[in-house]
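Note that this is a predicted model, so its numbers are computed, not measured. Below, each value reflects all heavy atoms present in this structure, side chains not excepted, and no hydrogens, waters or symmetry copies.
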Amino acid sequence: MRGAPPVVDRRITFEGDTFLDFPQIRWSLSHMRETCGDRQGLARGRRSLAVRYERKNDEIDALTFPDTNGRIRNFAEALFDTYTDGILVLHRGCIVYERYFGALESHLPLACHSITKSYAGTLAASFVHEGVLDDQKTILSYL
């Protein structure tokens, strides 16, 4: 959506569920708070997970692999072609890669919906491996 206000045929609204259609969804997921009326939420701007940067964007962008058709692709092309909105790679507490595409920007929260289960599961498995969580205990014992 561009302009203030955007022209009627370019507005993204909840009517008819078109906000979940492509390409509107790329804007919708990074602007859920405005469209749902929640303007407070979590404060952004500070990063508490990673305090050090060891950027390797150019090195990671240049990584190559064969796609499903056997064509050699680089990482940067694949992110663009698969409509990735954002990616952040942490390694040992350092941000090593960070890119944003579409309507997403580093300061905007992104509505992740059901993918948060994958995030939570990956973190839980990492914490079990590190001995922070005991996989024999119930969730209630930690709450």
Side-chain angles (χ1 to χ4, degrees), residues 1-135 138-140 142-143:
M1 291 204 313
R2 301 228 166 128
V7 292
V8 174
D9 65 335
R10 300 296 241 167
R11 291 183 188 163
I12 299 172
T13 64
F14 286 111
E15 289 82 30
D17 291 335
T18 58
F19 73 100
L20 294 176
D21 293 345
F22 183 83
Q24 294 92 324
I25 194 169
R26 294 189 83 189
W27 185 90
S28 301
L29 292 178
S30 57
H31 291 85
M32 273 299 169
R33 289 189 175 150
E34 294 100 310
T35 57
C36 294
D38 175 15
R39 292 186 179 262
Q40 294 178 349
L42 296 172
R44 296 294 306 244
R46 289 190 214 177
R47 296 189 188 252
S48 57
L49 289 177
V51 294
R52 299 178 321 214
Y53 291 84
E54 291 181 10
R55 296 288 171 108
K56 300 187 184 297
N57 283 10
D58 292 340
E59 293 174 47
I60 294 173
D61 280 342
L63 294 173
T64 60
F65 62 94
D67 67 13
T68 56
N69 297 317
R71 182 175 148 225
I72 300 299
R73 316 265 326 247
N74 70 38
F75 192 70
E77 290 173 330
L79 292 175
F80 182 79
D81 290 346
T82 57
Y83 301 101
T84 299
D85 289 316
I87 183 169
L88 179 97
V89 178
L90 295 170
H91 179 68
R92 296 185 177 172
C94 295
I95 295 174
V96 295
Y97 188 82
E98 185 174 15
R99 299 274 311 266
Y100 300 94
F101 304 92
L104 188 61
E105 299 174 34
S106 63
H107 66 281
L108 293 175
L110 180 69
C112 295
H113 299 289
S114 63
I115 197 168
T116 55
K117 294 184 293 256
S118 299
Y119 296 152
T122 301
L123 284 172
S126 295
F127 290 154
V128 168
H129 178 74
E130 294 171 4
V132 175
L133 286 177
D134 181 350
D135 63 353
T138 65
I139 291 174
L140 288 175
Y142 290 102
L143 295 178

Out of curiosity, [X] [atom1] to [Y] [atom2], how far, rounded to the nearest 0.5 Å?
X: I139; Y: L133; atom1: CD1; atom2: CG; value: 9.5 Å
X: E98; Y: I60; atom1: CD; atom2: CD1; value: 11.5 Å
X: F80; Y: N74; atom1: CZ; atom2: CG; value: 12.5 Å
X: Y100; Y: L88; atom1: OH; atom2: CG; value: 5.5 Å

Could you pull out all residues at least two apart from [X] that satisfy side chain to side chain donor-acceptor pair (under 3.5 Å)?
X: T64; answer: none
X: D81; answer: R73
X: D61; answer: Y97, R99

V89 side chain near I95 side chain, heavy-atom distance below 4.5 Å: no

Donor-acceptor contact present, side-chain D67 to main-chain N69, <3.5 Å: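 Such a contact is found between D67 side chain and N69 backbone.
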
Excluding sequence neighbours, so at least two apart, what forms side-chain contact (heavy atoms from CB on, under 4.5 Å) with T68?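 If we apply the side-chain contact (heavy atoms from CB on, under 4.5 Å) test to T68, skipping adjacent residues, there are no hits.
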
Could you list the donor-acceptor pairs under 3.5 angstrom formed by side chains in residues 121-129, with sequence neighbours left out?
| residue | atom | partner | partner atom | Å |
| --- | --- | --- | --- | --- |
| T122 | OG1 | S118 | O | 2.8 |
| S126 | OG | T122 | O | 3.0 |

Can you check side chain to side chain contact (heavy atoms under 4.5 Å, CB included) on N57 and F75, steps first, answer last? CA-CA 10 Å; N57 283 10; F75 192 70; over 6 Å; no

